[in-house]
Amino acid sequence: MRSYDWLLFDLDNTILDFNASSVIAFNRIMEDLGLEEDPELVRRFKKYNLQVWGEMEKGLIDHQQLKSKRWSLFFNSINIQMDPVEANNIYFELIKSNPVFVDHAFEIIQKGSLSHQLMIITNGLSEVQRPRLEITRLTNYFRHIVISDELGHAKPHKAYFDHCHDLMNAPAKERVLVIGDTLHSDILGGKNFGYHTCWYNYSNNENEGVPTDYEIKDLRELGGILEMGMT
């Protein structure tokens with residue numbers, strides 16, 4: 001059983017269920033456009049959203065370009081005329097006002113904060129992440145919150161983790177555990193930096209050859225890894 005001083009949590013789809021909030025926001029926009037809820041439209045938007053986030057993490061586009069490009073691609077694909085910037089603004093406001101916790105996440109955070117130092121590491125956008133963290137009162141439990149939009153570097157890049165490491169006053173890397181749902185940005189980024197990693201594989205996806213110290217499908221399993229009693 002390994003012991004850790006610091007737990008670095010991804011935010012979206014690890015602590016807060018961004019997928020759920022996103023679907024709520026997306027369906028509201030479709031309703032305003034006179035379109036009925038349609039899982040195929042959700043799937044199509046998610047495809048473009050993943051595409052542009054991948055481009056941003058590779059440094060091909062910045063956060064501002066991401067905001068409009070995903071909506072431009074989506075609207076063009078369904079022949080809808082709407083200002084992508086306006087759509088993104090509405091989308092953000094709806095996501096901010098509809099935060100949803102991942103199952104058991106709040107309990108893990110509460111208990112983890114009693115025995116560990118906690119940090120949030122997120123590639124999200126500051127204008128969305130900060131209000132959600134305040135609404136959910138997660139700021140009460142985390143020593144540091146590192147948002148790529150504010151830093152100018154994103155996971156999995158070394159510069160991002162260099163900054164996190166400095167904030168922690170350079171602890172022994174084997175005493176740091178990264179917990180996240182994304183193999184590339186969270187797990188590979190943390191592993192390449194020398195941290196231990198825990199992949200939250202809630203969708204039971206196949207590992208693409210990324211080494212990880214732990215893999216869990218339910219956040220309550222983290223309690224066993226960290227020797228925290230979980231119900």
Side-chain angles (χ1 to χ4, degrees), residues 2 4 6-27 39-40 42-54 56-57 70 94-96 98-113 116 118-125 128-129 132-133 135-136 138 141-142 145-148 154-156 176-192 195-231:
R2 294 164 176 166
Y4 300 101
W6 282 89
L7 306 180
L8 276 53
F9 283 90
D10 174 48
L11 182 61
D12 289 324
N13 298 322
T14 301
I15 299 173
L16 294 181
D17 191 337
F18 186 85
N19 289 339
S21 297
S22 176
V23 169
I24 292 169
F26 178 83
N27 284 336
E40 169 56 27
V42 173
R43 185 202 64 77
R44 185 176 298 210
F45 177 71
K46 283 184 176 180
K47 180 186 75 171
Y48 291 123
N49 194 37
L50 285 172
Q51 174 187 322
V52 297
W53 271 105
M56 190 277 295
E57 289 174 356
R70 58 186 172 186
L94 290 167
I95 286 175
K96 287 187 286 187
N98 291 281
V100 179
F101 273 102
V102 169
D103 289 343
H104 313 295
F106 191 62
E107 182 184 2
I108 278 284
I109 297 305
Q110 285 182 308
K111 291 195 172 183
S113 67
H116 298 78
L118 307 186
M119 180 188 293
I120 283 177
I121 55 171
T122 174
N123 277 356
L125 303 173
V128 174
Q129 306 301 54
R132 295 160 73 220
L133 290 166
I135 290 171
T136 56
L138 282 168
Y141 298 94
F142 288 87
I145 296 168
V146 182
I147 302 175
S148 63
K155 299 176 290 182
V176 179
L177 180 66
V178 174
I179 303 115
D181 68 299
T182 306
L183 272 174
H184 183 256
S185 60
D186 299 321
I187 304 309
L188 186 59
K191 181 59 70 175
N192 285 345
Y195 293 152
H196 288 179
T197 59
C198 178
W199 182 28
Y200 174 42
N201 185 15
Y202 63 91
S203 294
N204 199 30
N205 292 323
E206 183 178 350
N207 193 321
E208 303 162 357
V210 176
T212 183
D213 296 280
Y214 309 98
E215 179 181 336
I216 60 175
K217 294 178 173 59
D218 186 311
L219 285 180
R220 287 174 294 186
E221 296 175 61
L222 193 59
I225 294 170
L226 302 173
E227 296 185 306
M228 299 186 302
M230 297 294 295
T231 57

Test side chain to side chain donor-acceptor pair (under 3.5 Å), reference Lys155, set Asn123, Thr122, Asp186, output is Asp186
Would Ile179 and Tyr214 count as a side chain to side chain contact (heavy atoms under 4.5 Å, CB included) if you check the C-alpha gap in whole Å, the side-chain angles of each, and the deciding distance to 0.1 Å?
CA-CA 9 Å; Ile179 303 115; Tyr214 309 98; over 6 Å; no
My understanding is that only residues two or more places apart in sequence, or in another chain, count here; which of them pass side-chain contact (heavy atoms from CB on, under 4.5 Å) with Glu208?
Leu183
Is any side-chain heavy atom of Ile216 closer than 4.5 Å to a side-chain heavy atom of Ile225?
yes
Side chain of Glu107, backbone of His104: donor and acceptor closer than 3.5 Å?
no
Audit row: Val176, Met119, side chain to side chain contact (heavy atoms under 4.5 Å, CB included) steps and yes/no
CA-CA 10 Å; Val176 179; Met119 180 188 293; over 6 Å; no
Please report the closest heavy-atom contact between Ile187 and Gly180, naming both atoms and the distance.
CD1-O, 3.9 Å
Which atoms form the tightest heavy-atom contact between Ser148 and Ala154, and what is the distance?
CB-CA, 3.7 Å
Between Arg70 and Phe45, what is the shortest heavy-atom contact and its length?
CD-CZ, 4.1 Å
Hey, what do you get for NE2 (His116) to CG (Leu8), rounding to the nearest 0.5 Å?
12.0 Å
Do NZ/NE/NH1/NH2 and the carboxylate oxygens of Asp213 and Lys191 come within less than 4.0 Å?
yes
Pairwise distance NZ(Lys96) to CD(Gln129) - rounded to 0.5 angstrom:
11.0 Å
When rounded to the nearest 0.5 angstrom, what is the spacing between OG in Ser113 and CD1 in Ile108?
11.0 Å
Side chains of Leu118 and Leu7, heavy atoms from C-beta outward: is any pair under 4.5 Å?
yes
With Asn13, the side-chain contact (heavy atoms from CB on, under 4.5 Å) member among Asp17, Leu11, Leu16, Asp10
Asp17
Can you tell me how far CD1 of Ile109 sits from OH of Tyr141, rounded to the nearest 0.5 angstrom?
9.5 Å
Any luck finding a side-chain donor-acceptor pair between Ser21 and Asn98 under 3.5 Å?
no
Does a donor on one side chain sit under 3.5 Å from an acceptor on the other, for Tyr202 and Asn19?
yes
To the nearest 0.5 Å, what is the distance between CH2 on Trp199 and NZ on Lys217?
7.5 Å
Suppose we screen for side chain to side chain donor-acceptor pair (under 3.5 Å). Which residues come up paired with Thr212, at least two apart in sequence or across chains?
Thr197
Within the 4.5 Å heavy-atom criterion, are Lys46 and Phe26 side-chain neighbours or not?
no
Can you check whether Arg44 reaches Glu40 side chain to side chain, under 4.5 Å on heavy atoms?
yes
Between Leu222 and Leu177, does the side chain to side chain contact (heavy atoms under 4.5 Å, CB included) criterion hold? Intermediate values first, please.
CA-CA 11 Å; Leu222 193 59; Leu177 180 66; 4.3 Å; yes
Counting the benzene-type ring for Trp, do Tyr200 and Phe9 have ring centres under 6.0 Å apart?
no
May I ask you to test the Asp103-Arg220 pair for a side-chain heavy-atom distance under 4.5 Å?
no
Minimal heavy-atom distance between Pro156 and Gly189, with the atoms involved, is CB-CA, 3.5 Å
Do Leu138 and Phe101 touch side chain to side chain, with heavy atoms closer than 4.5 Å?
yes
Nearest-0.5 Å distance that lies between atom CD1 in Ile15 and atom CZ in Phe142
4.0 Å
